[in-house]
Amino acid sequence: MYKFVQVRDGENSFHFVVKTNLALVLVAVGLKKANVRVSVRLSAPGATAMVTGIVLGRDDEEIALHTTQIHAAPDTTSDLLVKSVLSGHARFLYHGEICVEKKAQKTNAYQRNENLLVSEHAYVESRPSLEILANDVRCTHGAATSSIDEDELWYLASRGISQKAGVKIITEGFIQRALDRIGDNSIISDIWQILSR
Amino acid sequence: MATLNFPYKYGFHEKENYVFKSKRGLDEGVVKSISWHKQEPDWMLNFRLQALGLFRKKSLPVWGGDLTHIHFDDLYYYIKPTENKVSSWNDLPAEIKHTYDKIGIPEAEKKFLAGVSAQYESEVVYKSINQMLAKKGVIFLDMDSALRTYPDLVKQYFGTVVPSADNKFAALNSAVWSGGSFIYVPKGVRIELPLQAYFRINAASMGQFERTLIIADEGSYVHYVEGCTAPIYSTDSLHAAVVEIVVKKGARVRYTTIQNWSTNVYNLVTKRARAEEEAIMEWVDGNLGSKLTMKYPSVYLVGRKARGEVLSIAYAGPGQHQDAGGRILHVAPETSSRIISKSISRGGGRTSYRGLVQVHPGADHVKSKVVCDALLLDEASRSDTYPTMKIDQQGARVEHEATVSKIGDEQLFYLQSRGLTKSAAESMIVNGFIEPIVKELPLEYAVEMNRLIELQLEGSVG
C-alpha cells in the first residue's frame, strides 16, 4: 500500500517507524516556503522502505527537505529517490542522511538526489551524508545536478517541437522516471494531476 | 584479524640536538623571538603578530574530529636544530643522516631526483638544487631562505591564497611558521622530475608549522612531492601546515603527499590552490598515519577552463580518525573538477569524507564529479560521508556518488580457493581498491604506499 504525502507551506514533519514495509511518495509543489523533515526508522529485521520524493520549485519558492533513513535492525533495506525541477528564482535545499547503527548488519541503503535547473537563477544545495557503524553493509548515495541539454532541445527542435514544448517534454520525462518505480498507475496519474495544477 | 596488528615500524626516536628551543606555549614574545632568530623583515613580523591575534580570537571548529586534547600551552613552537645549513649530503650530521637512512631515501633518489630538500625539526638542513633547475630559472628553496633571498616575490604571494583569518590553524601557522618549501617556476618551464621534500618531527611535544608556497607561472609544469614518517612520542604532537599554490594561465601543478605520522600526531593542514585560466591543479593525498587528520585540499577555479582534481586515500587503524576530503570552488565558466576518495577503516578506526563542490553564479558549463568509496574491514570501524554541493548556476553538471561496503565474502572465497591465505587475500583486495590512486603516485611512492598498506594489513605479502 502506498502512503502519499503532500507537503504544505511552513513546517512539515513526517516520522515513520517501519516494522514490515513502507512505500512512501512525497510531493512538494506550489509552495511559498516549506521546511520538510522526513524520517524513516527501520526497526525490525527484514523491514524495507521505498521513498520517492518529487519537488517542483518555481518563482521565489523555497523548499528545504531533510530526509533521514535510520537502520536500527539487521537485514533491512531502504531506497530513497528525491528529484527536483527548479525554475525562476526557486531555491531547494536537500539534506539526506543515512544512519546505519551497529546492530544493523546485512543492511542495504540507497539514496539518490537528482536536480534539474531550468532557469538562470534557480539554486540548489545538496548535502547527502552517510554514517555507517556496522560493517556488513552495502550503502550508496548519489547526487546529480544538471540542466536541460542543449543537444536534446536541438534534436526536438529539428523534429518540429518548439523550445518551450521541448523543455516540457524533457522535464516531464525527468519526473516520469521517478514515478516509474512506483508502478501503480492510479497513483501515478493522481500525482500528475497534482503536479500539473 | 589479530594478525593484522603490527608495531609501528618507524617508531624510533633520535636524540634531540638543537641550538635554540623556544619556551613552552605561545605569546607575543615567542613570535617575536622566532622572527628575530630568522632575521625577518618587519612586514613578516607584523604579519605573524596579526595572525597571533586572529589565532586567539578564533574558536576551534565544532565539526570534524575531537580537538579537545590539544593543549596549545604545552607545545614548543620553534626549535632550531643546527647552526648552519649544509650544502652536500656528506656534510650532514651523522645523527640526521642516520635518521634518513632509516626512513630509506634511496641513494639513486638522492643523486637523480631534481632536488632533495629534507626537513629536520623546524628547519631545512639539507638541500641540493640541481644545476638544471638553476639554469631554467627555477627557484626551489626552503621558505626561510626564500624570504631572505627573494623578499619581494614572497611578499607578493604570501598569504594570498590562504589568509591568516581563514581558520584557527591557518592563523596559528601564520604566527609561528617555520620551514616548508618555496618554489617558483618561470613562464613555460616544465620540470619533468618530481621535486621532493622529506619531513621529520623529532622532538617530543613539538609542533611543526611548515609553510609552503608554490608559484607556477604561465604555461609551466611542476610536480611536488612530500612524504613523511614520524617517530612515536609520549605526548601529543601537532602538525599544522599551510600550503599555498598559485597556478597561472595554462600552467599545471601536481602536489603529492604521503602522510604517515605516528598515531599521536594531530595533523591539521590547510592546503589550497588558485587555478587561473586553462590551468590544472591536482592534489594527490594519502593519509595513513596520525591520530587525527583534518585536511581538505582545495582548488579555487578562478579562470575560464581551469581544472581541479583531488585524489585522496585515507586509512584509519585503531584509535585513528581520518577526516579528509576536498573542496572545489567553481568561480569561472567552463571549469571542471573531479574528486576521487578511497578510504579504509580497520580495528575501530574511523574515516570521514568531507567535501564541498560549489558553483558560483556566472560559472556556466561547469562539470564536476565526486566519487567516494569506503571499505569497512570489521565491526568496530566506522565510515562517514559528508559531501556538500551548492549550485547557483544553470548549465552546471554536478555529480556525486558514494559507496560504503565491506570486502565481499565471495571475493575472499575465490582468492582463498586459489590458495591465498585470508590475510593475503584481504591485502590484495585492499591494494586493488586503492590502485586507481596509487598508480598516480611516482613509482617509489607507489611502492612505499603498497608496502605501508601491506604492513598495516598483514606484515608481508609473498
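We name chains A, B, ... by the order of the sequence lines, and we start the count at 1 in each one. Below, all heavy atoms of this structure are taken into account, side chains as well, without hydrogens, waters or symmetry copies. Source: prediction; values computed, not measured.
Within 6.0 Å of the CD atom in A/Gln163, the count of heavy atoms belonging to other residues, nucleotides or ligands does not exceed 12. By the 6.0 Å contact criterion, NZ on B/Lys168 is enclosed, its count of non-hydrogen atoms from other residues, nucleotides or ligands being greater than 12. For A/Lys102, the NZ atom is densely surrounded, since the number of other residues' heavy atoms within 6.0 Å is greater than 12. Within a 6.0 Å sphere centred on CH2 of A/Trp192, other residues, nucleotides and ligands contribute more than 12 heavy atoms. The number of heavy atoms from other shown groups lying within 6.0 Å of CZ (A/Arg181) is above 12.
The CD atom of A/Gln105 sits 8.0 Å away from the NZ atom of B/Lys406 when rounded to the nearest 0.5 Å. Note: B/Gln358 CD to A/Glu125 CD = 8.0 Å, rounded to the nearest 0.5 Å.
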Next on the checklist: Pair A/Arg138, B/Thr403 - check side-chain contact (heavy atoms from CB on, under 4.5 Å), show working.
Outcome noted: CA-CA 7 Å; A/Arg138 178 81 189 161; B/Thr403 61; 4.0 Å; yes

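Using a 4.5 Å cut-off between heavy atoms, A/Ser119 contacts chain B through its backbone alone, with no side-chain atom that close. No part of B/Ala374 comes within reach of chain A, as not one of its non-hydrogen atoms sits under 4.5 angstrom from that chain. Neither the backbone nor the side chain of A/Val100 comes within less than 4.5 Å of any heavy atom of chain B. For chain B, the nearby part of A/Glu150 is the side chain; its heavy atoms alone come within less than 4.5 Å.
The most heavy-atom pairs under 4.5 Å with chain B, out of A/Thr140, A/Thr145, A/Val118, A/Ile98, come from A/Thr145. Between chain B and the options A/Ala109, A/Ala134, A/Ala144, A/Ser126, the largest number of non-hydrogen pairs under 4.5 Å is found for A/Ser126.
Of residues 382-402 of chain B, those residues lying under 4.5 Å from chain A by any heavy-atom pair are B/Arg382, B/Ser383, B/Asp384, B/Thr385, B/Tyr386, B/Pro387, B/Thr388, B/Met389, B/Lys390, B/Ile391, B/Asp392, B/Gln393, B/Gln394, B/Gly395, B/Ala396, B/Arg397, B/Val398, B/Glu399, B/His400, B/Glu401, B/Ala402.
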